[in-house]
Amino acid sequence: MGTATNYAAHDRELSFDLFFFDNLKVRSEWYYPRLSSAVAGTEAGARVRHRIKDRYLDELNEDVEGIVNTLRALNVTVHRPMTLDASSVEVRTLAWSAAVVPPLNVRDIALVVGDEVIETPPMLRSRYFETQFLKPIFASYFDQGARWSVMPRPLMTDRSFDRSYVLSTTGGPTEPISNPGTHPYDVGLEMMWDGAQCLRLGRDLVVNIATANHAMACDWLERHLEGRSRIHRAYKLSDSHIDSMVIALAPGRLLVRSREVADYLPKAMRKWDMIVAPEPLKNNFPTYDDDDLLLSSLYIDINVLSVAPDVVLVNDACPELARILEHNRFQVVPVRHRHRRIFGGGFHCFTLDTVREGGPEDYLN
């Protein structure tokens, strides 16, 4: 379970704007203030610091501890990463520097497959060394016999990023993404990919691919897991993460944003029971100021956590979703999480399940 200690700000720079592109569009809906009133778009090499209000941080920390207490009450063993020290304000490499953020959305930075922990190649510069906060946990599993691998780390110069998704996505007008600058350490496109782009189903992994960066990482994963897991590629199901599009609740049962999600999934999964989430309502979310930077999808509360085949953690601000899941014979555990749109993650994002009952079952045949 992640931690938000000393989460102070977001750095708007190229990797940030590319990663959150779908949610940084200039919009006029009730829950999206116009970003033009908050900060300007990113110029090549530029960084714009966007400080998060103390009230949001205090309430986030309260909610995170509430999630931890709920999981422990459900007899889940909860591990916590090291916390970000207040003096650690910046991460720097040969090619760039960025503000460092704490290990909150730990689902993104690693993938657990069978008895192996795989550290994934980051897509955000500010998260480049984030897996270091989880090192004591991973080392403990390694000492117990687990495998521990690290995918190749990208240099992440401006020219490392495939901007084709940004340039081809409709739905305009959007925040400008400037032309990439040159750098002595340019090596071309590199693999970048998050664990939250993967749906784990026993021995099968459904992997979302929206850019060449994702495809390169999937190639590595496919070769690395050959003979142990089957990789199924889903093309442009979303810009990156898929856990606000589809969540596996139990064998044969999915929570989806819409029935169209099935078109992107492996053929065998299209016969599964698909529970369609309700449309978000205005009173599901807090009211924010015009200068608040909102990062999450409109459907962030699909980001539930399945604790058992019939037990699901659901945001207590979404009674409509809770009723639908209860109607489908799930036990719903309501938990408070207020500022998921400010911090870009829900219960699934905040957690990385390392040990579950069962093994590499074949759910697709």
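Quick note: residue numbers are just sequence positions, from 1.
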So, does [X] use its side chain to make a donor-acceptor pair with the main chain of [Y] at under 3.5 Å?
X	Y	result
Ser229	Leu225	no
His241	Asp243	no
Arg257	Ser244	yes
Arg329	Glu326	no
Glu13	Ser15	yes
Asp310	Gln331	no
Asn208	Leu237	yes
Arg200	Leu111	no
Asp11	Ala98	no
His214	Gln197	no

Do [X] and [Y] touch side chain to side chain, with heavy atoms closer than 4.5 Å?
X	Y	result
Val314	Phe330	no
Val207	His232	no
Asn105	Phe350	yes
Arg127	Asp108	yes
Val307	Leu313	yes

Look at the aromatic rings of His339 and Tyr56 and report parallel, tilted or perpendicular, splitting at 30° and 60°.
-> tilted
Should the pair Tyr7 and His10 be assigned to parallel (<30°), tilted (30 to 60°) or perpendicular (>60°) ring geometry?
-> perpendicular
Ignoring hydrogens, what is the shortest heavy-atom contact between [X] and [Y]? Give both atom names and the distance.
X	Y	value
Arg228	Asp115	NH1-OD1, 4.4 Å
Ser296	Arg341	OG-CG, 2.7 Å
Ser88	Val100	O-CG1, 2.8 Å
Met191	Pro121	O-CB, 3.6 Å
Leu255	Val304	CD2-CG2, 4.0 Å
Ala322	Val332	O-CG2, 3.7 Å

Who are the side-chain hydrogen bond (donor to acceptor under 3.5 Å, both in side chains) partners of Glu226, not counting sequence neighbours?
-> none
Identify which one of Asp58, Asp301, Asp63, Asp316 satisfies the salt bridge (charged side-chain N to carboxylate O under 4.0 Å, His left out) criterion when paired with Arg338.
-> Asp63
Measure centre to centre between the rings of Phe20 and Phe16, then say whether the value is under 6.0 Å.
-> yes
When the ring centroid of Tyr128 is compared with that of Trp96, is the distance short of 6.0 Å?
-> yes
Got a sec: does the CZ of Phe142 have more than 12 other heavy atoms crowding it under 6.0 Å?
-> no
Salt-bridged, [X] to [Y], with N to O below 4.0 Å?
X	Y	answer
Asp17	Arg125	no
Asp289	Lys53	yes
Arg51	Asp54	yes
Glu190	Arg153	no

Got a sec, which pairs hit side-chain hydrogen bond (donor to acceptor under 3.5 Å, both in side chains) with one end in residues 264-276, sequence neighbours left out?
-> Arg253-Asp273
[X] and [Y]: side-chain donor and acceptor closer than 3.5 Å?
X	Y	value
Asn365	Asp362	yes
Asn284	Glu320	yes
Glu119	Thr131	yes

Would you list the atom pairs, donor with acceptor, under 3.5 Å between side chains in residues 74-84 and any protein atom, with sequence neighbours excluded?
residue	atom	partner	partner atom	Å
Arg80	NE	Met1	O	3.1
Arg80	NH1	Glu65	OE2	3.4
Arg80	NH2	Gly2	O	2.8

Among Asn303, Asp353, Asp194, whose side chain to side chain donor-acceptor pair (under 3.5 Å) with Arg107 holds?
-> Asp353
